Structure formats: C-alpha cells, structure tokens
Amino acid sequence: MSAGICFTNVARSTRATSFRSVWLSVNAARPLHAAAISARVSGLVRARTTFGLARRWATSTTPNSSAVNPAEVEAMQCLEEGTQKLEEGDVQAAKALYKRSVDIKRTASALFNLGVTHYHLKEYDDAIAAWKEAITLQPSSADAHTNLASAYIVSPVARPDLALHHLRVAASLSPEDAEIAFNLAAVLEACGFLEEALEQYKRSKEFGVERAEMHIRNVGAKILGKKMKALEQETKPEDKSEPSS
C-alpha cells in the first residue's frame, strides 16, 4: 500500500512551544520524497516526503518556563543539544541525547523528537511508542498525529486504518493545513474512500498544494468509472437463454 500513496511531507520535530509535524511521504509525500526522510529543528518537526514525516523540531523551554531544578536543566540542555545534532545530520547522537532528556523528564517535546530519530533510523515501533506518549502529554499536537500516521503506513506491517484515524484527528486539529489534507486524501484514496478523498484533495489545493489538481482529476475519473460500471450492471439485460433440455 505504501508504494501507491503519494503524500506531501513526512516527519516533523518540535521546539517545546509549538508542535508542527514531520513527514515523509510514501511516494513523494509532502513535498519531499520517501527516500529523503529528514526532520528540521525548530518548532515541532514535520518533515514530509512521499508518505511522510514532517520536518521541524522542538526546543526545550516555553515562554513561562523556569528551570531551577538541576535535573530539569540537564533535560533541557540534552533536548537542545539533540536538536543541534539532528540539524547536523547525526541522528544516532541526537537519539542518545533525546533519550537522556526523556529519562530525566518525560516531556512531549523530547518524546516527539525522540520519535523523529527512531523514524529516521527505521525503528518504527519505537517511533510509534514515542509519538503515542507525546500525544498523551500533548493531545492537541496535529504534527504528532501526522507523524504517527506516517509510521503506521511505512511500518513492515502497515496499518492504514490507524493511519487514517490519526490523519483525521490531525485534520480536525489543523483544518487549514494543506499538507495534512493532502496526506489524508492520499490514504482515503488508497483505502477506497474516493468521494471523501476527492473532497480532501480539493481542500489541499484550495490551501496551496497545486499538485493536488492532478489527483483531483484522477480520483474524479475513478468515481465516474465506478458510477458507469454500476449503471451498466443495473441496465444489463438478464440472461434469458433457454435451459438445456
């Protein structure tokens, strides 16, 4: 299924204050491509490619935070250093630092970015676990739901049903996000929900994804083909051949 889905972007990472998603599309998702999974650091990361992760990440402090506990200071420092390593392309070092941050204090930001590193290393079960916990701590993160959907799609045992669920949640949390609408449309199309897919492709085009136009035409043609086939079945004359004696 992943081979047939075309997304706009893949994974996203985060800066403690704002969560954006990071995607990787399955065939060219979010304007990245499945082969180019990368996450950007600065806000919640969303790096998307063909089916994918979104690119962006999280930092350690919020406007109202005050770090006076030495352990929390270390957790913040590990989060910042991990993001730096991720920007430098050293995913293993970033993972170690994010894991250290999580071990000290489990925050949505650290878990989100830890999930991004697992995703890039194709450790999909671990990415799923990290993003699910991040969502528990930060339920309103559309990017975490988006990335979780990506992981469910590209995992060795794909779960398009769960991917669809989390993309629907992401779309409800961020209804004007063009990339989420496009990725939701792609999964809906792959699952056979053509009318709803068409609606989401139109939304993504309205919000700026120009290449959605091609998919609008393709899905429209599929819907028309289904209707014509159904009509043929309804009007097909019954076989009135005489029974053999």
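What you are looking at is a predicted structure, and each value in this text was computed from that prediction instead of being measured. Residue numbers run from 1 in the order of the sequence given. What you see below is based on every heavy atom in this structure, not just the backbone, and it leaves out hydrogens, waters and symmetry mates.
- The distance from the NE2 atom of H145 to the CD atom of Q138 is 10.0 Å, given to the nearest 0.5 Å.
- By the 6.0 Å and 45° rule, R211 stacks over the aromatic ring of F182.
- Between K105 and E74 no salt bridge is recorded (no basic side-chain N to carboxylate O distance below 4.0 Å).
- Of all heavy-atom pairs between R106 and L137, the closest is O-CD1, 3.5 Å.
- Atom-to-atom distance recorded for K85:NZ and N113:CG is 15.5 Å, nearest 0.5 angstrom.
- Residue I128 is grouped with residue L111 when hydrophobic side chains (ILVMFWY) are merged at heavy-atom distances under 4.5 angstrom, including chains of intermediate members.
- Summarising the geometry of V91 relative to H120, their closest heavy-atom pair is CG1-CB, 4.2 Å, with the distance given to 0.1 Å.
- Between L167 and I180, the closest heavy-atom pair is O-CG2, 4.1 Å.
- The backbone N or O of A158 sits nowhere less than 3.5 Å from a side-chain atom of S155 that would complete a donor-acceptor pair.
- Closest approach of F112 to S141, counting heavy atoms only: CE1-OG, 4.4 Å.
- Classification of E176 and R203 as a salt-bridged pair fails, no side-chain N sitting under 4.0 Å from a carboxylate O.
- Contact annotation: the side chain of C191 approaches that of V187 to within less than 4.5 Å [non-hydrogen atoms, C-beta and beyond].
- Considering CG of D161 and OH of Y152, their distance stands at 9.0 Å, rounded to 0.5 Å.
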What verdict does the side-chain contact (heavy atoms from CB on, under 4.5 Å) test give for K95 and E123, after you've listed the backbone C-alpha separation in whole Å, the side-chain angles of each residue and the deciding distance to 0.1 Å?
CA-CA 11 Å; K95 183 175 85 167; E123 299 165 348; 3.3 Å; yes

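- Residues meeting the salt bridge (charged side-chain N to carboxylate O under 4.0 Å, His left out) test with E206, sequence neighbours left out: none.
- A donor-acceptor contact shorter than 3.5 Å links the side chain of S204 to the backbone of Y201.
- In this structure, L198 is not a member of the same hydrophobic cluster as M214, with clusters built from ILVMFWY side-chain heavy atoms closer than 4.5 Å.
- Put simply, CG on L121 and CD on Q92 are 5.0 Å apart, with the number rounded to the nearest 0.5 Å.
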Run the side-chain donor-acceptor check on residues 222-231: report pairs under 3.5 Å with partners two or more places apart or on a different chain.
| from | atom 1 | to | atom 2 | distance (Å) |
| --- | --- | --- | --- | --- |
| K222 | NZ | E189 | OE2 | 2.7 |

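- Counting heavy atoms from C-beta outward, V116 and W131 have side chains that approach closer than 4.5 Å.
- V169 and L148 fall into different hydrophobic clusters, where Ile, Leu, Val, Met, Phe, Trp and Tyr side chains are chained together by heavy-atom contacts under 4.5 Å.
- Expressed to the nearest 0.5 Å, how far CD of E133 lies from CD1 of I135 amounts to 11.0 Å.
- Clustering ILVMFWY residues whenever any of their side-chain heavy atoms sit less than 4.5 angstrom apart, transitively, puts L173 in a cluster other than the one holding L184.
- The closest side-chain heavy-atom distance from C78 to Y98 is not below 4.5 Å.
- T107 contributes atom OG1, which lies 9.0 Å from atom CE of M76 (distance to the nearest 0.5 angstrom).
- Between V154 and Y119, the closest heavy-atom pair is CG2-OH, 3.7 Å.
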Verdict with supporting geometry, R168 and E196, side-chain contact (heavy atoms from CB on, under 4.5 Å)
CA-CA 11 Å; R168 288 187 192 278; E196 192 177 353; 2.4 Å; yes

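- Nearest heavy-atom pair, A94 versus G82, reported as atom, atom and distance to 0.1 Å: CB-O, 3.3 Å.
- Within a 6.0 Å sphere centred on CG of D125, heavy atoms belonging to other residues, nucleotides or ligands number 12 at most.
- Among residue pairs with one or both ends in residues 72-91, none qualify as ring pair (Phe, Tyr, Trp, His ring centres under 6.0 Å); sequence neighbours excluded.
- A 4.5 Å side-chain heavy-atom check between E199 and E195 finds every atom pair outside the cut-off.
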Run the side-chain hydrogen bond (donor to acceptor under 3.5 Å, both in side chains) test on E88 and Q84 for me, step by step, so that the C-alpha distance in whole Å, both residues' side-chain angles and the decisive distance to 0.1 Å come before the verdict.
CA-CA 6 Å; E88 294 170 358; Q84 180 62 41; 3.0 Å; yes

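- The hydrophobic cluster containing I104 does not contain L79, counting ILVMFWY residues as joined when their side-chain heavy atoms lie under 4.5 angstrom apart, directly or transitively.
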